[in-house]
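The first residue of the sequence shown is numbered 1, and numbering continues consecutively from there. As the structure is a prediction and not an experimental result, all values here were calculated from the model.
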Amino acid sequence: MSNIIIDSRFDSGSIDVMTVHQASAMLRLKPDNESEFKQWFHFRVANCGGRELVLKIVGLNDSAYPAGWPDYNACVSEDRDFWGRAPSTFDKDEEGGTLTIRYTPASDLVWFAYFAPFSIDRHHDLIAECASSEGVEHRRLGETLDGQPLDCLAMGEGETQVWLYGRQHPGESMAEWWMEGALEVLCDPADTLGRALRQKCRFHVVPNCNPDGSARGHLRTNAKGVNLNREWESPSAERSPEVLAIRNAMDETGVHFAMDVHGDEAIDANFLAGYEGIPSWSDEHGERFYRYQRILDRRCPDFQTVKGYPKAGPGKANMTVSTNQVAERYAATAMTLEMPFKDNSDYPDVVQGWSPARCKLLARDCLGALLEWLESEEG
Ligand code: ZN
């Protein structure tokens, strides 16, 4: 029986192969460059030959989010288009914490990833399609440390300045699937939801805030190992040119409503985090966020408000975090959207778990809630 062959030298590829024996392999996560964070993986397996693969990723107790592994099933694809889930089990007592993935591919070749990847090529396809749509302006906000462009799309004629941005944490690829869904609404001239929003708002959409980390297969940081969502108090050209470029563009437009889109490793639900604890907090300011949250909760079965992060106490907000800084700096209604790596356990999908298609549908619901929020504010 010949050995399987594992490769990861491609866009967002990441894994460390320790040993291979026939159809089994022992693997380790690679940390982000110049960083301790490790959680993302993406690799392909060749020479499968119709056998059951047994892939063990070991040493996970010192990954970035050990709570991410229980009840997690690895993402798997044989055509790199449809991503299903491979049954996986976690044992914290085996080899420093081991995720065992078992899967029998139909063909000789199969891909595995922490979540359905959203490639740099797909990013450029998305930017090109949107930029060529009527009434959409493209702006290159700046350049990353690896020399990649930082893309922003703008559309709409309204007064309300809306910023949608995602993937500060590059391994949270669900954020860019969400962005693709949002842009389909906002760029389609036949979509009435998009048209109504474009009458009321000026949108600024940054689908990928961290293309370097995305291409390098990072979980949480840019090319230099910097966590961009801890740079918003004082971004710098040396450490965080991505944040500096976006923040400067926000200074030009102002911000009324902002959503920063993320994924959460451990919590099996979709939820929002607000800006409790910022210096200028007032109940009136906070109520604008809570009202949006209530509208989304009522409209969308995939959204809930029971599970989530603890709220910061008065004056205790971390002002290096994007949405706290944006809420303070622009008096904006600014929120962090978190989607699961696992699934929404209220409505589980055993075939795909939380998936690109559901990210895109959630984006549509978030935009529908935004329109209702704007209209009920006027009424
Ligand atoms: Zn994140």
Side-chain angles (χ1 to χ4, degrees), residues 7-16 29-43 80 113-115 117-132 136-154 163-180 183 204-253 260-263 320 322 325:
D7 293 290
S8 62
R9 289 293 295 268
F10 44 76
D11 187 314
S12 81
S14 181
I15 200 68
D16 186 7
L29 299 174
K30 282 173 126 168
D32 293 4
N33 186 45
E34 297 182 41
S35 164
E36 299 281 294
F37 290 115
K38 55 180 180 183
Q39 192 98 2
W40 173 261
F41 60 87
H42 181 196
F43 56 89
R80 304 210 312 145
Y114 188 35
F115 194 80
F118 195 107
S119 70
I120 296 291
D121 254 8
R122 191 178 182 106
H123 167 83
H124 287 293
D125 289 346
L126 175 64
I127 294 295
E129 188 175 346
C130 295
S132 62
V136 177
E137 289 169 32
H138 170 262
R139 191 173 161 200
R140 183 184 186 272
L141 295 182
E143 192 170 299
T144 66
L145 295 167
D146 282 342
Q148 293 195 71
L150 200 63
D151 292 314
C152 181
L153 296 159
W163 278 81
L164 308 174
Y165 52 109
R167 241 181 148 184
Q168 290 197 78
H169 296 146
E172 296 162 9
S173 53
M174 58 283 283
E176 200 161 4
W177 291 109
W178 187 100
M179 289 292 162
E180 189 173 280
L183 286 165
H204 312 271
V205 185
V206 184
N208 188 339
C209 300
N210 193 344
D212 291 355
S214 305
R216 287 168 174 259
H218 284 190
L219 173 75
R220 206 161 161 80
T221 66
N222 72 0
K224 271 193 179 169
V226 174
N227 179 354
L228 295 182
N229 203 25
R230 298 294 181 275
E231 289 288 305
W232 284 75
E233 194 155 42
S234 47
S236 70
E238 296 72 35
R239 283 173 53 83
S240 46
E242 302 91 343
V243 174
L244 187 63
I246 298 166
R247 207 275 319 267
N248 288 347
M250 286 178 170
D251 280 354
E252 289 172 21
T253 65
D260 179 17
V261 184
H262 287 252
T320 68
S322 176
Q325 186 63 227

Minimum heavy-atom distance between R239 and E242, given as atom pair plus value: O-OE1, 4.5 Å
Heavy-atom donor-acceptor pair, D212 side chain to D146 backbone, under 3.5 Å: yes
Single hit among D11, T144, I120 for side-chain contact (heavy atoms from CB on, under 4.5 Å) with S214: I120
H169: which of N229, D260, N227 passes side chain to side chain donor-acceptor pair (under 3.5 Å): N227
Do the non-hydrogen side-chain atoms of I127 and L153 ever get within less than 4.5 Å of each other? yes
Using 0.5 Å steps for rounding, measure from the CE atom of M174 to the OH atom of Y114. 7.5 Å
Over all heavy atoms of both residues, which pair between S236 and L244 is shortest? Give the atoms and the distance, please. C-CD2, 4.1 Å
So does R80 have more than 12 non-hydrogen atoms from other groups sitting under 6.0 Å from CZ? no
W40 side chain to S12 main-chain N or O, any donor-acceptor pair under 3.5 Å? yes
Nearest heavy-atom pair of A237 and L145: which atoms, and what distance? O-CD2, 4.0 Å
Roughly how far apart are C209 SG and I246 CD1, rounded to 0.5 Å? 3.5 Å
Please list, chain by chain and in numerical order, all residues satisfying side chain to side chain donor-acceptor pair (under 3.5 Å) with R230, sequence neighbours excluded. none
Nearest 0.5 angstrom please: M179 CE to C130 SG, how far? 11.5 Å
Verify the neighbour count for atom CD of E34: are there more than 12 heavy atoms of other residues, nucleotides or ligands below 6.0 Å? yes
Quick one, R167 and S173 - any side-chain contact, counting heavy atoms below 4.5 Å? yes
Kindly indicate whether the side chain of H124, heavy atoms from C-beta on, has any atom under 4.5 Å from the side chain of P149. yes
Would a distance-only check, ignoring hydrogens and angles, find a side-chain to backbone donor-acceptor pair under 3.5 Å from Q148 to P211? yes
What's the shortest heavy-atom distance between L150 and A245, and which atoms? CD2-CB, 4.0 Å
Value for CH2 (W177) from CG (L126), rounded to nearest 0.5 Å, stands at 10.0 Å
State which residue, out of Q39, R216, R220, K224, fulfils the side-chain contact (heavy atoms from CB on, under 4.5 Å) condition with D32. R220
Show the nearest heavy-atom pair for residues Q325 and W232, with the distance to one decimal. CG-O, 3.3 Å
Could you give me the CA-CA distance, side-chain angles and deciding distance for T320 and E233, then say whether side-chain contact (heavy atoms from CB on, under 4.5 Å) is met? CA-CA 5 Å; T320 68; E233 194 155 42; 3.7 Å; yes
From L141 CG over to D151 CG, what is the distance, rounded to the nearest 0.5 angstrom? 8.0 Å
Drop me the distance from H138's NE2 to S132's OG, to the nearest 0.5 angstrom. 11.5 Å
Take N208 and F118 through the side-chain contact (heavy atoms from CB on, under 4.5 Å) test and state the conclusion after the steps. CA-CA 10 Å; N208 188 339; F118 195 107; over 6 Å; no
For the side chain of H218 and the backbone of G225, is there at least one donor-acceptor N/O pair under 3.5 Å apart? no
Test E180 against R122 for side-chain contact (heavy atoms from CB on, under 4.5 Å), laying out the working first. CA-CA 10 Å; E180 189 173 280; R122 191 178 182 106; 2.9 Å; yes
is_close_aromatic(H204, Y165), centroid dist under 6.0 Å: no
